[in-house]
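A quick write-up on the structure given underneath.
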Amino acid sequence: MHASSIDLAHPDGAAVTKPGLGKIVQDTRFVFWRELLLVLRDPFSLVFSLLQPLIFLALFGPLLGAAVGTEAFGGESSLQWFLPGVVVMISLFGTTMTGSNLQYELMTGSYERILATPLSRSSLMIGRALKEWAPLVAQGLLIALVCIPFGFVFYPLHVLLGLLILGIFGIGIGALSYTLALITQGTEWVFWGVQQTLLFPLMILSGIMLPIEAGPGWMQVLSRYNPLTYLVNAERELFAGNIGTDVLWGLLAAVLTAAVGLAIGIRTTKKQTI
Amino acid sequence: MIHTDKLTKHFKNKKETVEAVKGVDIDIAPGELVAFLGPNGAGKSTTLRMLTTLLSPTSGSARVAGVDVVADPAGVRSRIGYIGQGNGGGHSYRVIDELIMQGRFYGMNSADARARARELLVTMDLQELEKRTVIKLSGGQRRRMDVALGLMHSPQLLFLDEPSTGMDPQNRANLWDHIMRLRAEHGTTIVLTTHYLDEADSMSERVIVIDHGKIIADDTAARLKSNLAGDLLAVEVALASVPAARAVLGQAAADGELEESRHDGGASFRVRLPDGARLAPGLLKALDDAGAPATSLKLNPPTLDDVFLELTGRSLREGAEV
Ligand SMILES: Nc1ncnc2c1ncn2[C@@H]1O[C@H](COP(=O)(O)OP(=O)(O)OP(=O)(O)O)[C@@H](O)[C@H]1O
Ligand SMILES: [Mg+2]
């Protein structure tokens with residue numbers, strides 16, 4: 001036999017390879033870029049992603065103003081209140097897709113191939129989540145511009161800050177969606193079931209489409225435990241051109257969501273592999 | 001390069017537990033070319049996945065390229081290359097894009113990755129397809145792309161899980177050419193699994209036979225064959241000489257087993273002989289002396305399938321689905 005014992009050294013004291021922040025950032029860039037290549041090679045998909053929010057806004061906005069009346073929004077244009085909600089919603093729809101796009105790669109060997117590379121585990125999630133968030137920058141700016149003629153006041157720097165906070169939040173949501181795809185492997189329909197079941201209550205309870213203040217007490221209580229509520233409030237403050245405590249709370253909720261999402265995602269990846 | 005100690009993997013599926021790998025001990029030195037051979041479900045891929053940090057062992061340990069797979073999986077990943085049994089390219093990606101990104105994942109700069117990708121496209125005979133999306137490749141083309149992906153960063157230790165499955169003979173030969181060159185030029189250590197008996201036989205100098213999650217043999221193909229199987233000698237004699245021939249051949253048989261069949265005008269015997277080519281002339285003479293001259297003689301060198309048959313009582317060829 002070909003016995004050789006060169007590798008018998010005891011593992012104790014051996015240096016363990018841990019990715020530093022620099023490596024995570026660089027790996028994230030690669031993962032992000034690989035995902036983005038799909039869009040760049042097929043730019044037509046961008047057209048749809050830009051059209052969707054416009055259609056939504058065009059159909060929903062007028063109804064909202066008529067149904068609730070402008071007084072509910074402190075006399076401002078209902079758009080000023082409604083637009084940030086739409087932006088948060090698009091970002092949710094986008095970043096919850098992170099897991100769905102992963103599902104295809106789980107079925108072939110391509111996820112396994114990538115897992116075997118030295119890419120850091122967190123960058124696999126962050127890169128994918130950021131790719132789902134990236135179009136939001138274009139989408140958000142476009143709908144903001146389109147709404148200006150209808151009385152929307154555009155504060156570019158505030159809106160940009162808002163998009164950044166949504167990016168942090170999106171990393172968390174993306175990582176959770178990614179985890180969901182991992183644990184529902186082989187029963188892909190469960191992924192959609194869980195995702196839809198969670199997404200809609202969270203959205204409604206955050207006051208994203210209709211003001212939660214108009215709802216019953218129990219809804220208002222629940223909404224206080226919903227991180228999304230803080231995000232929506234922060235975006236509303238920012239879109240109104242203010243930076244106050246709502247923004248801070250929103251930022252905190254975003255950072256916490258990202259931390260929790262990544263922790264769960266990395267744990268799941270390590271449980272399934274090493 | 002690789003050392004495992006009672007490496008074990010159990011999968012828990014609801015109530016039942018699948019013991020996919022049952023405590024394997026493997027030692028592989030730098031520069032070796034080793035083939036895992038075994039039927040479907042034997043545990044080949046599971047073993048490879050543990051060695052490449054894609055699965056955590058249930059028990060036992062493994063050191064790969066000097067690093068413990070559980071203690072420092074990231075360290076292992078940066079030292080190896082892996083071509084899995086599935087297709088590694090993302091369906092909607094272009095071939096060239098995936099190759100370049102793979103190089104980037106391993107820390108190559110953009111120019112180097114592009115140059116290396118172009119080089120491998122030629123080697124794997126894919127140069128016309130660089131802008132094709134993966135889903136539009138044929139099965140064999142996709143497999144060649146998988147191999148190219150695994151070779152992008154020129155690893156010192158390369159794992160290949162059934163690399164040649166689905167390739168036509170020309171491309172299989174190409175692949176082997178390339179693997180042999182890798183070894184000769186860079187001293188790459190190569191661990192692969194295969195279903196092709198002839199491939200394991202002629203290409204790898206060392207064959208590890210796995211069945212039901214256990215290693216049942218581990219040696220050079222040549223020694224496995226001569227120790228375990230031996231050449232198959234088929235001798236025909238006239239009907240009148242059958243008893244005498246039976247006595248002579250029965251004595252010569254390595255395992256004491258002599259197969260006999262009648263046909264018109266004579267009988268044929270089949271017997272296993274270690275090193276048959278050397279023994280055959282003497283045996284012919286012994287038959288002559290016993291008054292039972294051979295009317296025809298055929299010597300079949302052993303195959304790895306004979307080895308597997310000898311070890312397990314099953315054939316790799318037919319029993320493949322069990
Ligand atoms: N994720 C899993 N969950 C449960 N059982 C599994 C899993 N992966 C593999 N197995 C089982 O473990 C055993 C070994 O599988 P493995 O894939 O290692 O076989 P193999 O030797 O590579 O076979 P093949 O030649 O078909 O590729 C099989 O019985 C298989 O069904
Ligand atoms: Mg296999």
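In what follows, every chain begins at residue 1, and chains take the letters A, B, ... in the order their sequences are listed.
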Backbone of B/Phe11 reached by a side-chain donor or acceptor of B/Thr58 within 3.5 Å: no
Between A/Thr98 and A/Glu132, is there a side-chain donor-acceptor contact under 3.5 Å, judged purely by atom types and distance? no
For A/Glu112, is it the side chain, the backbone, both, or neither that has a heavy atom closer than 4.5 Å to a heavy atom of chain B? both
Name the option with the most non-hydrogen atom pairs under 4.5 Å to chain B; the candidates are A/Val31, A/Thr108, A/Thr117. A/Thr117
Given 3.5 Å as the limit, does a donor-acceptor pair link the side chain of A/Trp133 with the main chain of A/Leu163, or not? yes
Neighbours of chain A found in residues 130-144 of chain B - heavy atoms under 4.5 Å: none
Examine distances only and state if a side-chain atom of B/Arg183 and a backbone atom of B/Gly31 form a donor-acceptor pair shorter than 3.5 Å. yes
Which region of A/Phe30, side chain (C-beta onward) or backbone (N, CA, C, O), has a non-hydrogen atom less than 4.5 Å from a non-hydrogen atom of chain B, or is it both or neither? both
Part of A/Leu37 lying under 4.5 Å from any heavy atom of chain B: side chain
Salt bridge B/Arg206-B/Asp219, side-chain N to carboxylate O under 4.0 Å: no
Salt bridge check, B/Arg223 against B/Glu205: does any charged N sit closer than 4.0 Å to a carboxylate O? no
Charged N to carboxylate O under 4.0 angstrom, B/Asp146 versus A/Arg113? no
Options B/His153, B/Arg49, B/Arg79, ranked by heavy-atom pairs under 4.5 Å with chain A, top entry: B/Arg49
Looking at A/Ser177 and A/Thr96, would you say the former's side chain and the latter's main chain have a donor-acceptor pair under 3.5 Å? yes
Going by side chain to side chain contact (heavy atoms under 4.5 Å, CB included), B/Ile26 matches just one of B/Thr47, B/Val34, B/Leu7. Which one? B/Thr47
Does anything in residues 86-94 of chain B reach chain A? List residues with heavy atoms under 4.5 Å apart, or say none. B/Gly86, B/Asn87, B/Gly88, B/Gly89, B/Gly90, B/His91, B/Ser92, B/Tyr93, B/Arg94
Side chain of B/Arg118, backbone of B/Ile96: donor and acceptor closer than 3.5 Å? no
Looking at A/Arg34 and A/Glu105, is any side-chain nitrogen of the basic one under 4.0 Å from a carboxylate oxygen of the acidic one? yes
Part of B/Leu149 within contact of chain A (heavy atom distance under 4.5 Å): side chain
Could you tell me whether the side chain of B/Thr46 and the main chain of B/Gly43 form a donor-acceptor pair under 3.5 Å? no
Check whether any side-chain N or O of A/Asp27 sits under 3.5 Å from a backbone N or O of A/Ser120 as a donor-acceptor pair, and report yes or no. yes
Of B/Thr52, B/Asp97, B/Ile83, the largest count of non-hydrogen pairs under 4.5 angstrom with chain A goes to B/Asp97
